[in-house]
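First comes the structure, then the notes that go with it.
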Amino acid sequence: MEKILVFGHKNPDTDTICSAIAYADLKKQLGVNTEPVRLGEVNGETQYALDQFKFEAPRLVDKVAGEADGVILVDHNERQQSAEDIDQVRVLEVIDHHRIANFETSDPLYYRAEPVGCTATILNKIYKENGIEVPKAIAGLMLSAIISDSLLFKSPTCTEQDVAAAMELAEIAGVNAETYGLEMLKAGADLSDKTIDQLITLDAKEFAMGTAKVEIAQVNAVDPNEVLAKQTEIEAAIQAVIAAKELDLFLFVVTDILTNDSVALALGTSAFAVEKAYNVTLNNNIAVLEGVVSRKKQIVPVLTDIFAKL
């Protein structure tokens with residue numbers, strides 16, 4: 001039986017890593033030869049979850065065509081966010097909770113996208129639909145994914161389905177969702193040991209918005225000012241990325257996990273789009289985005305609309 005690789009997007013976050021592990025586990029229980037892999041380094045928050053539930057990080061790969069003919073995508077669908085050679089393999093399934101864009105296949109596939117806050121919430125349903133109990137440690141990882149994507153149920157992307165799934169998974173995992181979740185988020189918000197390049201790539205995604213190429217990077221912090229104290233160095237690194245990728249906009253978002261506001265640093269020829277989108281003025285390339293915590297719901301669609309009108 002040929003092996004099928006299961007993976008999420010580049011610059012993986014907790015949902016990407018944990019959902020790849022969880023779905024690979026489910027498919028194995030259904031008799032499918034799967035292996036979870038990752039397309040980038042594991043961040044501190046995700047490593048905390050892996051350590052808590054005693055999992056090794058999935059194997060790191062750059063390309064997938066040399067290892068498998070078929071792949072399963074979780075937590076993403078857009079081509080530029082996936083493996084570099086994604087066009088050389090057959091996408092068999094997609095389990096996702098994002099917009100559908102820049103994606104097509106030559107063969108039919110199983111595609112499941114739901115407007116919930118986290119891929120793991122969908123996976124919880126799929127376990128039930130197949131009559132398979134979620135293993136205790138896997139439940140812990142899936143809970144971690146929901147907590148991460150929902151910012152402990154405070155994000156506007158969080159639905160009642162996410163909260164219900166999290167409570168179920170917390171019971172299976174034997175942890176208190178609120179207590180464990182806060183510790184996990186704090187672990188992820190510790191950026192003291194991160195280099196400038198790591199800060200702007202830890203959770204960065206590239207998007208096509210109209211004719212514009214946009215990259216949005218987001219980090220969580222307890223004190224955004226500690227991150228932005230390095231603004232000069234951060235801007236130099238971002239400008240290098242803009243030049244290398246020919247981006248129109250690079251938006252670096254630092255989200256305060258305590259206040260649920262974000263500070264945005266916008267660079268590029270289309271930085272003005274951020275001002276239009278949020279009715280703010282960039283001061284020294286920076287603006288506060290009050291109540292904005294979700295890239296998926298509060299940043300990408302808003303900017304997409306702006307670029308569609310330019």
Side-chain angles (χ1 to χ4, degrees), residues 8-13 16 39-41 43 62-63 76-87 98-99 101-103 191 194-221 224-256 261-289 292-310:
H9 54 74
K10 294 176 181 176
N11 302 317
D13 57 15
T16 271
L39 302 181
E41 297 303 319
N43 65 38
D62 292 321
K63 298 182 179 180
H76 77 297
N77 66 81
E78 298 190 47
R79 183 179 300 273
Q80 70 275 9
Q81 296 176 11
S82 199
E84 293 181 11
D85 57 351
I86 191 67
D87 58 335
H98 295 93
R99 71 174 191 172
N102 195 22
F103 176 83
L191 304 172
K194 298 295 184 287
T195 66
I196 298 300
D197 284 341
Q198 287 174 326
L199 283 175
I200 67 171
T201 59
L202 275 173
D203 187 6
K205 292 182 179 180
E206 188 177 322
F207 300 90
M209 298 183 180
T211 59
K213 287 181 65 178
V214 178
E215 186 153 335
I216 304 171
Q218 185 174 22
V219 295
N220 293 335
N225 290 326
E226 291 184 359
V227 178
L228 295 170
K230 305 173 183 177
Q231 183 178 350
T232 301
E233 298 97 318
I234 291 172
E235 288 192 1
I238 289 175
Q239 292 289 11
V241 174
I242 290 173
K245 295 185 177 182
E246 299 183 337
L247 300 174
D248 298 283
L249 170 65
F250 191 113
L251 183 60
F252 179 58
V253 181
V254 186
T255 298
D256 189 323
D261 294 329
S262 292
V263 179
L265 170 60
L267 293 173
T269 57
S270 295
F272 66 89
V274 176
E275 296 182 314
K276 287 180 174 290
Y278 297 100
N279 193 27
V280 296
T281 299
L282 291 169
N283 184 6
N284 191 26
N285 302 321
I286 285 178
V288 175
L289 308 182
V292 173
V293 297
S294 171
R295 175 172 50 197
K296 183 181 73 173
K297 193 165 186 175
Q298 295 174 297
I299 299 177
V300 172
V302 178
L303 284 176
T304 300
D305 288 344
I306 291 296
F307 278 109
K309 297 171 184 176
L310 295 179

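The shown structure was predicted, so the numbers you read here are calculated from the model rather than taken from an experiment.
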* Do R295 and V253 touch side chain to side chain, with heavy atoms closer than 4.5 Å? -> no

* Minimum-distance pair of heavy atoms, taken over all atoms of L303 and A277 -> CD2-CB, 3.9 Å

* Using a 4.5 Å cut-off on heavy atoms from C-beta on, say whether the side chain of I86 contacts that of R79. => yes

* Atom CG in L247, atom CG in L267: separation rounded to 0.5 Å? -> 11.0 Å

* In Å and rounded to the nearest 0.5 Å, what is the CD1 to CZ distance from I216 to F252? -> 13.0 Å

* Is I286 close to Q231 at the side-chain level, that is, under 4.5 Å between some pair of heavy atoms? -> yes

* Asked: Tell me, do Q80 and K10 make a side-chain contact under 4.5 Å, heavy atoms counted?
  -> no

* Asked: salt bridge (Lys or Arg N to Asp or Glu O under 4.0 Å): which pairs involve residues 209-221, sequence neighbours left out?
  -> E206-K213, E215-K245

* To do: With rounding to the nearest 0.5 Å, note down the distance linking CE in M209 to OG in S270.
  => 11.0 Å

* Going by heavy atoms in the side chains, are L199 and V254 under 4.5 Å from each other? -> no

* To do: Write down the atom of I200, the atom of F250, and the distance for their closest heavy-atom approach.
  => O-CZ, 3.7 Å

* Do you know the tightest heavy-atom contact between A101 and N77? -> N-OD1, 3.1 Å

* Asked: Within a strict 4.5 Å, meaning less than it, do heavy atoms of the N43 and D203 side chains meet?
  -> no

* Not counting sequence neighbours, which residues clear ring-ring contact (aromatic ring centres under 6.0 Å, His included) with F103? List them please. => Y111

* Asked: With a 4.5 Å heavy-atom cut-off, do L289 and Q298 have their side chains touching?
  -> no

* Asked: Under 3.5 Å, side chain of S294 to main-chain N/O of K297, donor-acceptor pair present?
  -> yes

* Asked: Between L265 and I238, does a side chain to side chain contact (heavy atoms under 4.5 Å, CB included) hold up when you go through it step by step?
  -> CA-CA 10 Å; L265 170 60; I238 289 175; 4.1 Å; yes

* Asked: Taking 4.0 angstrom as the limit, do R99 and E78 come out as a salt bridge?
  -> yes

* Asked: Does any N or O in the side chain of N11 come within less than 3.5 Å of the main-chain N or O of A204, such that one atom is a donor and the other an acceptor?
  -> yes

* To do: With I299 as reference, evaluate V214, L251, T304 under the side-chain contact (heavy atoms from CB on, under 4.5 Å) test and give the passing residue.
  => L251

* Asked: Is the number of heavy atoms from other residues, nucleotides or ligands under 6.0 Å of K194 NZ greater than 12?
  -> yes

* Structure fact -> Output for pair (L39 CG, D62 CG), nearest 0.5 Å, gives 8.5 Å

* Any chance you could measure H98, atom NE2, to H9, atom NE2, to the nearest 0.5 Å? => 6.0 Å

* How about L202 and L191: do any of their side-chain heavy atoms sit closer than 4.5 Å? -> yes

* Between H76 and T16, is any side-chain donor less than 3.5 angstrom from a side-chain acceptor? -> no

* **Point-to-point distance, once rounded to the nearest 0.5 Å, from OG1 of T195 to CD of E233** => 11.5 Å

* Asked: Which atom names give the shortest non-hydrogen contact between A237 and I196, and what distance separates them?
  -> CB-CG2, 3.7 Å

* Asked: Is there a donor-acceptor contact under 3.5 Å from the side chain of D248 to the main chain of G268?
  -> no

* To do: Return the minimal non-hydrogen interatomic distance between N284 and E235, and the atom names on each side.
  => O-OE2, 3.9 Å

